[in-house]
> 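The structure follows.
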Amino acid sequence: MEKLVVCPYKRPNALCRLICFPWAGGGTSQLAAWGKLFSSSIEVSSVRLPGRESRLKEPFAKDMTTIVNEITSVLLKELQEKPFAFFGHSFGSYISFAVALHLKEKYGLEPIHLFVSGAHAPNSEAFLPIKSIPLCDAQDEDIITYIQLLGGTPSEFLQYEDVKKHLIHTFREDIRVLQTFSFEKAERNIPFSCDITCFNGSEDKPHDLEAWHDLTSGDTSFYDLPGGHFYLLEPSNAIFLTKHITRCIENAGL
């Protein structure tokens, strides 16, 4: 459990668990730290994928199914015990969706709310170009330029060659995993009944958020917050997000 899930602010009496899924190349520290911003009714944890932090020596996951199966097998008992919600940013949005879908289809479990950020709906045509990014042809410098363009990585980190090398490798592997993910919505089949909230940075590239409507019979809402792709790292935006997520969870009538 501790290998996969980081929860620095444990709240065993919380009414709900918020499981967070980081972005490509990311670790757990930023989202796990949200725990101190939430009230005692919500326990926050962040998923740690293989190949980083304390799992540095483990091989990276080869596909989305491997990640989904590991997360589900480790978290299943916890998720059956009390209500839970998911928050994912960018790459993490797709993992959170894939895990939620697997839980619903195999175990009849569903988050009380799905919070997604900086990501196209997986049933959108806008998602398809991600699957054809030529990773094998991409030069390391091109990847670093792209990472710097997105923001979210302190420039001083990139001055250390070993850190930069590992970040490039992790980013490549995470995008490779994302390219193995596909979702085709069957006609007349709506996978979820929970509410979905979509967040986006106002200066980030536009994402097809409207298609999230088609994935739930619950309500879907959309919020643009000031900033680029990593708008959520701005303290004022983190406070807005945690307050809004709290309100949504409390309104779920736990």
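Source: prediction; values computed, not measured.
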> Are S46 and P22 side-chain neighbours, meaning at least one heavy-atom pair lies under 4.5 Å?
yes
> Given F87, which partner from the list F97, F115, W34 fulfils the ring-ring contact (aromatic ring centres under 6.0 Å, His included) test?
W34
> Check whether any side-chain heavy atom of F21 sits under 4.5 Å from a side-chain heavy atom of F91, and report yes or no.
no
> Check whether any side-chain heavy atom of I196 sits under 4.5 Å from a side-chain heavy atom of C198, and report yes or no.
yes
> Take K10 and E2, measure what salt bridge (Lys or Arg N to Asp or Glu O under 4.0 Å) needs, and give me the verdict at the end.
CA-CA 12 Å; K10 290 185 167 43; E2 283 72 22; 5.4 Å; no
> Which is it for K62 and E173 under the side chain to side chain contact (heavy atoms under 4.5 Å, CB included) test, yes or no, and what are the steps along the way?
CA-CA 8 Å; K62 290 301 171 199; E173 293 296 332; 4.1 Å; yes
> Can you tell me how far CD1 of I67 sits from NE2 of H102, rounded to the nearest 0.5 angstrom?
13.5 Å
> D140 and salt bridge (charged side-chain N to carboxylate O under 4.0 Å, His left out): which partner among K164, K165, R172?
R172
> Are V47 and V6 grouped together when hydrophobic residues (ILVMFWY) are joined by side-chain heavy atoms under 4.5 angstrom apart?
no
> Sub-3.5 Å donor-acceptor pair from the side chain of Q179 to the main-chain atoms of I133, do we have one?
yes
> I112 and C194: side chain to side chain contact (heavy atoms under 4.5 Å, CB included), yes or no, with the steps?
CA-CA 6 Å; I112 59 167; C194 65; 6.0 Å; no
> State, to 0.1 Å, how close K185 and D214 come at their nearest heavy-atom pair, and which atoms those are.
CE-O, 2.8 Å
> Atom CD1 in I71, atom CG in L4: separation rounded to 0.5 Å?
6.0 Å
> Ring centroid separation for F222 and H213, is it under 6.0 angstrom?
yes
> Who pairs with S39 by side chain to side chain donor-acceptor pair (under 3.5 Å), at least two apart in sequence or on another chain?
S41
> Less than 6.0 angstrom separating the ring centers of H113 and F86, yes or no?
no
> Do D195 and T220 make a side-chain contact, defined as non-hydrogen atoms from C-beta onward lying under 4.5 Å apart?
no
> Side chain to side chain contact (heavy atoms under 4.5 Å, CB included), that's the test. Do N123 and E184 meet it? Break it down for me.
CA-CA 6 Å; N123 53 319; E184 287 183 28; over 6 Å; no
> Hydrogens and angles aside, do T66 and D63 bring a side-chain donor and acceptor to less than 3.5 Å of each other?
yes
> Which heavy-atom pair separates F127 from A121 by the least distance, and what is that distance?
CB-O, 3.9 Å
> Would you give the length of the straight line joining atom CD of E125 to atom CG of L128, rounded to the nearest 0.5 angstrom?
6.0 Å
> How about F38 and Y9: are their ring centroids closer than 6.0 Å?
no
> Quick one: pull up OG in S202 and CG in L225 and give me the separation to the nearest 0.5 Å.
8.0 Å
> Treating Ile, Leu, Val, Met, Phe, Trp and Tyr as nodes and any side-chain heavy-atom pair under 4.5 angstrom as an edge, say whether I190 and L215 lie in one connected cluster.
no
> Does the gap between the ring centers of F230 and H89 come in under 6.0 Å?
yes
> Is the ring pair F181/Y94 parallel, tilted or perpendicular, if the boundaries are 30 and 60 degrees?
tilted
> Please report the shortest heavy-atom distance between D174 and G25, naming the atom on each side.
OD2-N, 2.6 Å
> Can you find a pair of side-chain heavy atoms, one from N237 and one from P226, that are under 4.5 Å apart?
yes
> Which atoms form the tightest heavy-atom contact between P111 and A85, and what is the distance?
CB-CA, 4.2 Å
> Just so I know, are the side chains of F199 and F240 near enough to count as touching, which here means a heavy-atom distance under 4.5 Å?
yes
> Any salt bridge between K243 and E250, counting N to O under 4.0 Å?
no
> Look at the side-chain heavy atoms of Ile, Leu, Val, Met, Phe, Trp and Tyr, link any pair under 4.5 Å apart, and say whether I239 and L241 land in one connected group.
no
> Is there side-chain contact between T65 and T180, with heavy atoms separated by less than 4.5 Å?
no
> Run the side-chain contact (heavy atoms from CB on, under 4.5 Å) test against S221 and tell me which residues pass, sequence neighbours left out.
T197, Y223
> Which pair of heavy atoms, one from R52 and one from T170, lies closest together, and at what distance?
NH1-CG2, 3.4 Å
> With a 4.5 Å cut-off on side-chain heavy-atom distances among I, L, V, M, F, W and Y, is there a chain of contacts connecting I143 to F60?
no
> Could you grab the distance from atom CG of L15 to atom CD1 of I249, nearest 0.5 Å is fine?
10.0 Å
> Quick one: list whatever passes salt bridge (charged side-chain N to carboxylate O under 4.0 Å, His left out) with E81, sequence neighbours left out.
R17, K77
> Quick one, R176 with F171, criterion side chain to side chain contact (heavy atoms under 4.5 Å, CB included). Give me CA distance, side-chain angles, the key distance, then yes/no.
CA-CA 9 Å; R176 186 173 282 117; F171 189 82; over 6 Å; no
> For the residue pair H244 and R247, confirm or rule out a side-chain donor-acceptor distance under 3.5 Å.
yes
> Measure the NE2-OG distance between H120 and S93 for me, rounded to the nearest 0.5 Å.
11.0 Å
> What's the shortest heavy-atom distance between N13 and K82, and which atoms?
C-NZ, 4.2 Å
> Does the side chain of S182 come within less than 4.5 Å of K131's, by heavy atoms?
yes
> Go through the side-chain N and O atoms of H229 and D204 and say whether any donor and acceptor fall under 3.5 Å apart.
yes
> If only atom types and distance count, is the side chain of S90 paired as donor or acceptor with the main-chain N or O of G92 below 3.5 Å?
no
> Has R48 got a side-chain atom pairing as donor or acceptor with T28's backbone, closer than 3.5 angstrom?
no
